[in-house]
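Remarks on the structure that follows.
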Amino acid sequence: MISDRPQGAFTGRHMLLTMLAFFGVIVAVNVTMAWFARSSWTGLVVENSYVASQQFNAKMAETRAQTALGWTGRFELQNGTVHYAISDARGDEVMLEAVAVTFRRPVDDREDHTIALARDSHGYATTSAVADGAWIVQIDADAGLPSHYRETRRIQVVGGSMQ
């Protein structure tokens, strides 16, 4: 039996199945990506953006006052030991009343944690297990000033040490 249809040509049924498969893949990928996006990060940056915007000028004034001090912070993470110290403009160590270090993941808050550092012979330190990967580290140091000395760094941890 000879057919008028060229060999390998699509029939209406083949075309329908191809279109269903094409759009089925697109829908499946979109649903998968939406599920991963929803389960990995809340998207919450601040509780109330209006209040945060009202506090911006005060925070900038604190930042300018902190910069004017001329202090330099030294943060280290080596073999699970977190160390922090501050030097003044002359290089002398600044005595602190308390130091807290908050480790935050850049995109997920499930592993975020805060540790307190204790005074040692070279500043302030403690041991803490910090998982490998990217972290945003915020250091809050109470130096007896009207507001805490704050420093934020982005670090990469490999094998319990900062790279």
Side-chain angles (χ1 to χ4, degrees), residues 24-163:
V25 168
I26 290 174
V27 169
V29 168
N30 284 336
V31 167
T32 302
M33 296 300 284
W35 182 83
F36 278 121
R38 178 69 179 113
S39 66
S40 65
W41 186 46
T42 64
L44 182 66
V45 177
V46 293
E47 291 290 333
N48 186 325
S49 60
Y50 177 75
V51 171
S53 70
Q54 299 302 306
Q55 297 169 346
F56 180 79
N57 288 337
K59 288 183 180 184
M60 287 307 299
E62 286 179 11
T63 301
R64 284 189 290 276
Q66 179 175 310
T67 303
L69 293 171
W71 293 358
T72 304
R74 291 181 315 281
F75 175 82
E76 295 176 6
L77 172 60
Q78 294 296 324
N79 301 319
T81 300
V82 180
H83 182 267
Y84 186 72
I86 297 177
S87 306
D88 64 16
R90 295 182 314 223
D92 297 329
E93 184 180 352
V94 174
M95 296 303 293
L96 305 170
E97 296 176 24
V99 178
V101 178
T102 302
F103 290 88
R104 290 189 178 96
R105 289 289 192 184
V107 233
D108 190 8
D109 61 359
R110 288 178 284 193
E111 293 183 74
D112 294 359
H113 62 284
T114 301
I115 57 173
L117 277 55
R119 181 89 177 114
D120 74 356
S121 59
H122 302 290
Y124 299 81
T126 194
T127 56
S128 178
V130 179
D132 288 354
W135 291 95
I136 297 172
V137 179
Q138 180 178 324
I139 304 140
D140 274 318
D142 183 355
L145 301 172
S147 60
H148 286 187
Y149 184 87
R150 288 188 176 89
E151 189 173 347
T152 303
R153 298 170 181 237
R154 187 174 178 127
I155 65 168
Q156 185 73 25
V157 176
V158 177
S161 295
M162 185 172 72
Q163 297 296 307

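Since this is a predicted model, take the numbers as computed values, not measurements. For the numbers below, each heavy atom of this structure counts, side chains included, while hydrogens, waters and symmetry mates do not.
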Q: Please confirm whether the backbone N or O of V158 pairs with a side-chain atom of S161, one donor and one acceptor, at under 3.5 Å?
A: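 Not at all, since once roles are kept as given, no pair shorter than 3.5 Å links the two residues.
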Is the shortest heavy-atom distance from the side chain of [X] to the side chain of [Y] under 4.5 Å?
{"X": "Q138", "Y": "R153", "result": "no"}
{"X": "D112", "Y": "T102", "result": "no"}
{"X": "R74", "Y": "S87", "result": "yes"}
{"X": "L145", "Y": "L69", "result": "yes"}
{"X": "V82", "Y": "F75", "result": "yes"}

**Q.** Exercise: do Q66 and R150 side chains pair donor with acceptor under 3.5 Å
**A.**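 On atom types as modelled, these side chains do not qualify, holding no pair under 3.5 Å.
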Minimal non-hydrogen separation, [X] against [Y], with atom names:
{"X": "D132", "Y": "G159", "value": "OD1-N, 2.8 Å"}
{"X": "G123", "Y": "H83", "value": "N-NE2, 4.0 Å"}
{"X": "G73", "Y": "E151", "value": "CA-OE1, 3.5 Å"}
{"X": "G144", "Y": "E97", "value": "CA-OE2, 3.6 Å"}
{"X": "P106", "Y": "R154", "value": "CG-NH2, 3.5 Å"}
{"X": "A125", "Y": "D120", "value": "CB-OD2, 3.4 Å"}

As an exercise, state the distance from [atom1] of [X] to [atom2] of [Y], rounded to the nearest 0.5 Å.
{"X": "D142", "Y": "H148", "atom1": "CG", "atom2": "NE2", "answer": "4.0 Å"}
{"X": "E111", "Y": "R105", "atom1": "CD", "atom2": "CZ", "answer": "4.0 Å"}
{"X": "I139", "Y": "T152", "atom1": "CD1", "atom2": "OG1", "answer": "7.5 Å"}
{"X": "T127", "Y": "L117", "atom1": "OG1", "atom2": "CG", "answer": "10.0 Å"}
{"X": "Q55", "Y": "N48", "atom1": "CD", "atom2": "CG", "answer": "9.0 Å"}

Q. With E76, which residues qualify under side-chain hydrogen bond (donor to acceptor under 3.5 Å, both in side chains), at least two apart?
A.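 Partners of E76 by the side-chain hydrogen bond (donor to acceptor under 3.5 Å, both in side chains) criterion come out as none, since no residue qualifies.
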Q: Please report the C-alpha distance between V99 and L96 in whole Å, then the side-chain angles of each, then the deciding distance to 0.1 Å, and finally whether the side chain to side chain contact (heavy atoms under 4.5 Å, CB included) criterion is met.
A: CA-CA 7 Å; V99 178; L96 305 170; 3.5 Å; yes
Q) Do any pairs count as a ring-ring contact (aromatic ring centres under 6.0 Å, His included) and have a residue in residues 111-133, sequence neighbours left out, and if so which ones? A)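 Applying ring-ring contact (aromatic ring centres under 6.0 Å, His included) to every pair that reaches into residues 111-133, excluding sequence neighbours, yields F103-H113, H113-W135.
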Q: Could you walk me through whether M95 and R119 pass the side chain to side chain contact (heavy atoms under 4.5 Å, CB included) test, one step at a time?
A: CA-CA 9 Å; M95 296 303 293; R119 181 89 177 114; 3.5 Å; yes
Q. Step by step, would you call V101 with T114 a side chain to side chain contact (heavy atoms under 4.5 Å, CB included)?
A. CA-CA 6 Å; V101 178; T114 301; over 6 Å; no
